[in-house]
Amino acid sequence: MNELIQKATILLESNSVQVVIGYGKGSANRTRAIFITQAADCEKLIFDSRCIQNLAVYLTKQEIKKLGKPAIVAPIPVLRSIVQLAAENQIAENDLVVLGVTPESELVEFESFAAIETFLSTHRIEIEGKYQKTIEMIKSMPVSERFAYWVKELEPCFKCYACRSACPLCYCTRCTVENNQPQWISVASHPLGNLEWHVMRAMHLAGRCTDCEACYNACPMGIPIHLLTKSMLQDVAENFGTYGPSLDKLNALSSFKPDDKESFIR
Amino acid sequence: MQTENYLIRKSSLEKLFGNLIGNGKIVYAPKAKGNLALFDKVQAFGEITEDYIVTANSAKSVTFPRTEKLFSYHKSKESTEITDAANNTFPDVILWGTRPCDAAAFIPLTETFNGDFQDIIYNKRREKVLILSFSCKRSDEYCFCTSVNSGPGNTAGSDVQFTKLSDGDYLAEVITEKGQLLVKENCNLFEAKPEEDKEPNLAIVATRFNQEEIQAKLQNLFENPVWDDKSRACLGCGSCSYVCPVCSCFDIQDEAHGNKGTRLRCWDSCGYGLFTMHTSGHNPRNTQGGRWRQRILHKFLYMPNKSKVAGCVGCGRCSRSCPADINILDTLTSLQEEKPNE
């Protein structure tokens, strides 16, 4: 992607940004996040189908913020996370340059976060058929069977929290699981502790998750935790009519409206 | 003891497995899951996969479970009753299909649990483990066992090591008395040692760095840009520590329910921001760079200084599983080029 390299070089040379967050060559056949601070290094930038890590996660990390104003290489999943982060006031328009990459691998620049939202309106989140089938299959199980299914799927989880760390929307500086006075969620990775953690994670992301699958890709044990967040996406869409990120949208589970249809909340 | 060599035919290997399961032993072996192989309990020989370089998880959890109950208590008006898990009897466990690196990892792991304090629970569990390793025919670019005094046919830590020969049968090297007992109990399955040599049947793993040199250099590399440079993409999860067969840090947790409860030992990781957080709010390792430095120094400086054994067996799991593709070899090979501070 020469265009991307050229644009990144100009941004760094003109000191419009101090760091370019992009993809570079990784180990084996992988790519990895790279943080370019010298214009001459921009040729290390690559973009292809292996670039699946959601780089938006770095926009809120203290070690990266220290490097100065960033430009970020942003394929669709990153763009979605940027809009959601903006809606949650975690990033500001003037503090970030977004180098969008279309599914056709073309560079697209954005004047504003609103322009990203407009662009995304033609690239809506769709839950793939194979996942829909699995989710339907799980939802059709009797409660006890569904419970057993998740206890078994979550059994290999040793709580390394890679799912949390890789998620751009898990930006809390202190997660609920790290609160020990009182200890809301069991630290241990026994069946109850694992269930508590994953249920909490999915609920916290309900209506916020942008379906980038970073959590699943990060899991060293290959646990299908993205099924939980995908299912929540569908549930939120069915019950609140919103699907995917938007700048002026309220988050389904963390917003109060006096005319809420549920009586328990009033 | 001196290693004893036997031949075990492919068909006899399955019979050996059957005998172990038949005797009620708990067997852990590599099982395929999607693109991964995971160490897991197996019941049938057919569940075991041969298609793996190393499993995604290590085998350490058989002696150092991710959650270990240390004791339980029950308080009443008169007294507090404590049930110490150190009095428990632990089951016989067989590790089938560990790689030589995994078997070797039990040496530093056991050192850690037998330093200033001898951990009864760990030692009781360890005594009950029989390690049947399978040497490596394949390796990948993440493997570096030969750089940390090990290798694809290293027998250290194993009770018996099997090496697949060209005709599909196996060389069985019996390394310990535990291994000898296994042969004795299944003597009809073990035949006179094969003609074929072991070496040509092993993977070739290139040496990537000199561990002693790295250890010497690390004495003076505490302040160095390499730590931030190599960890910039670090997400701060514990994946590297949890898949590592040697990492042994833990956190003590009390789970209380009214007047009774349990004290648990749970895995912990130096990758976490809270790992060294003080009560005052001060954190001596307040960035991922500092945490990455700790991980490398602990394994390649502090551990070999203290017990002569490095805290790394070169399995490469940490790099393979890292969601940000942080590669320990990248760091170690670049350290090799660093000039220590004067």
Side-chain angles (χ1 to χ4, degrees), chain A residues 19 21 23-35 37 52-55 57-58 61-64 66-67 155-167 170 173-175 177-178 180 182-183 186-194 214-224, chain B residues 33-36 38-40 56-57 61 65-69 140-142 228-229 231-243 251-256 262 264-269 271-274 277 286-289 316-330:
Chain A
V19 57
I21 306 172
Y23 301 96
K25 191 191 169 314
S27 58
N29 193 34
R30 300 164 75 181
T31 60
R32 67 165 66 128
I34 54 172
F35 307 88
T37 53
I52 53 167
Q53 192 191 350
N54 192 333
L55 299 180
V57 72
Y58 294 112
K61 295 251 183 249
Q62 54 147 342
E63 290 84 352
I64 306 306
K66 269 197 310 215
L67 299 174
E155 200 281 327
C157 174
F158 41 37
K159 287 198 177 171
C160 67
Y161 299 124
C163 45
R164 175 183 74 181
S165 306
C167 174
C170 272
T173 46
R174 190 147 189 176
C175 177
V177 295
E178 280 145 4
N180 57 3
Q183 187 82 55
S186 171
V187 171
S189 66
H190 46 41
L192 177 65
N194 284 355
C215 51
Y216 173 63
N217 293 333
C219 178
M221 304 298 275
I223 303 169
Chain B
K33 186 193 179 190
N35 299 326
L36 303 174
L38 299 182
F39 256 114
D40 204 354
N57 54 342
S61 61
R66 59 202 191 195
T67 299
E68 178 84 89
K69 184 161 89 177
D140 65 14
E141 69 169 85
Y142 296 104
D228 281 339
D229 285 351
S231 69
R232 195 147 284 140
C234 179
L235 298 167
C237 74
S239 170
C240 49
S241 322
Y242 288 9
V243 297
D251 180 31
I252 299 291
Q253 287 288 327
D254 285 347
E255 289 195 346
T262 50
L264 303 172
R265 172 161 71 199
C266 305
W267 288 0
D268 204 351
S269 169
Y272 298 148
L274 278 193
M277 177 75 91
N286 61 355
T287 63
Q288 288 311 130
R317 278 192 179 86
C318 49
S319 308
R320 280 188 208 91
S321 79
C322 178
D325 191 38
I326 288 169
N327 188 305
I328 196 168
L329 256 182
D330 272 358

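All values derive from a computational prediction rather than experimental measurement.
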Is a side-chain donor or acceptor of [X] paired with a backbone partner of [Y] at a separation under 3.5 angstrom?
| X | Y | answer |
| --- | --- | --- |
| B:Gln288 | A:Glu63 | no |
| A:Gln62 | B:Asn286 | yes |
| A:Asn217 | B:Pro323 | no |

Would you mind checking which part of [X] comes under 4.5 Å of any heavy atom in chain B, side chain (CB onward), backbone (N, CA, C, O), both or neither?
| X | answer |
| --- | --- |
| A:Ile64 | side chain |
| A:Cys167 | neither |
| A:Tyr161 | both |
| A:Leu67 | side chain |
| A:Glu155 | both |
| A:Thr31 | backbone |
| A:Ile223 | both |

Does a side-chain heavy-atom distance below 4.5 Å link [X] with [Y]?
| X | Y | value |
| --- | --- | --- |
| A:Glu178 | B:Met277 | no |
| B:Leu235 | A:Tyr58 | yes |
| A:Arg174 | B:Leu274 | yes |

So which part of [X] gets closer than 4.5 Å to some heavy atom of chain A, the side chain, the backbone, both or neither?
| X | answer |
| --- | --- |
| B:Cys237 | both |
| B:Asp268 | neither |
| B:Ser241 | neither |
| B:Arg320 | backbone |
| B:Ser269 | neither |

If you round to the nearest 0.5 Å, how far is [atom2] of [Y] from [atom1] of [X]?
| X | Y | atom1 | atom2 | result |
| --- | --- | --- | --- | --- |
| A:Phe158 | B:Cys266 | CZ | SG | 14.0 Å |
| A:Cys157 | B:Tyr242 | SG | OH | 9.5 Å |
| B:Thr67 | A:Lys159 | OG1 | NZ | 7.5 Å |

Partner residues of A:Ser189 under the side chain to side chain donor-acceptor pair (under 3.5 Å) criterion, sequence neighbours left out =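 With neighbours one apart ignored, the set is B:Arg66.
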
For B:Arg232, check side chain to side chain donor-acceptor pair (under 3.5 Å) against everything at least two apart and list the hits.
->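 With neighbours one apart ignored, the set is empty.
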
Chain B interface, residue from [options] that has the most non-hydrogen pairs under 4.5 Å:
| options | value |
| --- | --- |
| A:Ser27, A:Ala188, A:Cys219 | A:Ser27 |
| A:Cys163, A:Ala162, A:Ala33, A:Ala214 | A:Ala162 |
| A:Gly222, A:Ala218, A:Pro156, A:Ala28 | A:Ala28 |

If you take all heavy atoms of A:Pro220 and B:Leu36, which pair is closest and at what distance?
->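 Looks like O-CD1, 3.5 Å.
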
What residue among A:Lys25, A:Gln53, A:Arg30 forms side chain to side chain donor-acceptor pair (under 3.5 Å) with B:Asp325?
->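 In the set A:Lys25, A:Gln53, A:Arg30, the residue that makes a side chain to side chain donor-acceptor pair (under 3.5 Å) with B:Asp325 is A:Arg30.
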
Taking atom NZ of B:Lys33 as the centre, report whether more than 12 heavy atoms of other residues, nucleotides or ligands fall under 6.0 Å from it.
-> yes

Answer with yes or no whether the side chains of B:Glu255 and A:Ser186 bring together a donor and an acceptor at under 3.5 Å.
-> yes

Salt bridge flag under 4.0 Å for residues B:Asp330 and A:Arg32 = yes

When only pairs under 4.5 Å are counted, which of B:Ser239, B:Cys240, B:Gly34 shares the most heavy-atom pairs with chain A?
->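 Going by pairs under 4.5 Å, I would pick B:Ser239.
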
